[in-house]
**Student:** 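Mind looking over this structure? Questions follow.
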Amino acid sequence: MKTSADCENKNYLEYVKAISPKTKEKRSLFHAFWVGGVICMIGQILRMIYESLIGLQGDELASYVSMTMIFLGAFLTGLGVYDRIGKYAGGGSIVPITGFANSVVSPAMEFKTEGYIYGTAAKMFIIAGPIIVFGVASSVLVGILYFIGYRVF
């Protein structure tokens, strides 16, 4: 036995289906695949450059590549380029490490008019997640302490 709520729900779902834009899944998946692949390929090229020209190996090599990719993601977000890449590629732009940088920088830029503390810093923690951002900040602090000669661990 159908109730009026069931009919209203069915009518609403039909309405949503009628006005929703039609997606082209195959094209969207293709864009996500190739853009994500290009971002990862850039990371691999940086790895080969750092390995052959600078002579980095192991953890140092991985760290330098990660830092460069995070910087590029944040820099392109600041220029407004990464958002256009994200609109075009969808999930392909958020999977690599550059998507992390984008998720930190975007809200910080959007709310900078509210001030450095309540705007930039507070909103940066909302999107990227406090644990990830705090983990990165604390690792930078530990790295600085290690660099200047204090053995923390």
**Student:** With a cut-off of 3.5 Å and sequence neighbours excluded, list every side-chain donor-acceptor pair involving residues 34-47.
**Tutor:**
residue : atom : partner : partner atom : Å
W34     : NE1  : H31     : ND1          : 3.4

**Student:** To which residues is I144 joined in a hydrophobic cluster, defined by side-chain heavy-atom contacts under 4.5 Å among Ile, Leu, Val, Met, Phe, Trp and Tyr, whether direct or through other members?
**Tutor:**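 In the cluster with I144 are V140.
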**Student:** Should we say atom CZ of F30 is surrounded by more than 12 heavy atoms from elsewhere, each under 6.0 Å from it?
**Tutor:**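 Counting neighbours around CZ of F30, 12 or fewer heavy atoms of other residues, nucleotides or ligands fall under 6.0 Å, so no.
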**Student:** Considering residues at least two apart in sequence or located in another chain, which fulfil the side chain to side chain donor-acceptor pair (under 3.5 Å) criterion with Y50?
**Tutor:**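 Checked Y50 against side chain to side chain donor-acceptor pair (under 3.5 Å); matches are T68.
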**Student:** As a test of understanding, state which of I19, N11, L13 forms a side chain to side chain contact (heavy atoms under 4.5 Å, CB included) with Y15.
**Tutor:** I19
**Student:** Using side-chain contact (heavy atoms from CB on, under 4.5 Å) as the criterion, list what pairs up with L79, not counting sequence neighbours.
**Tutor:** F75, V81
**Student:** Just jot down the ring-ring contact (aromatic ring centres under 6.0 Å, His included) partners of F33, sequence neighbours excluded, or say none.
**Tutor:** none
**Student:** To the nearest 0.5 Å, how far apart are CG in L76 and OH in Y82?
**Tutor:** 8.5 Å
**Student:** Would you compute the distance between atom CG of L29 and atom NZ of K26 and round it to the nearest 0.5 angstrom?
**Tutor:**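 So the CG of L29 and the NZ of K26 are separated by 10.0 Å.
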**Student:** For E14, which residues count as a side chain to side chain donor-acceptor pair (under 3.5 Å) partner, sequence neighbours excluded?
**Tutor:**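 E14 satisfies side chain to side chain donor-acceptor pair (under 3.5 Å) with no other residue.
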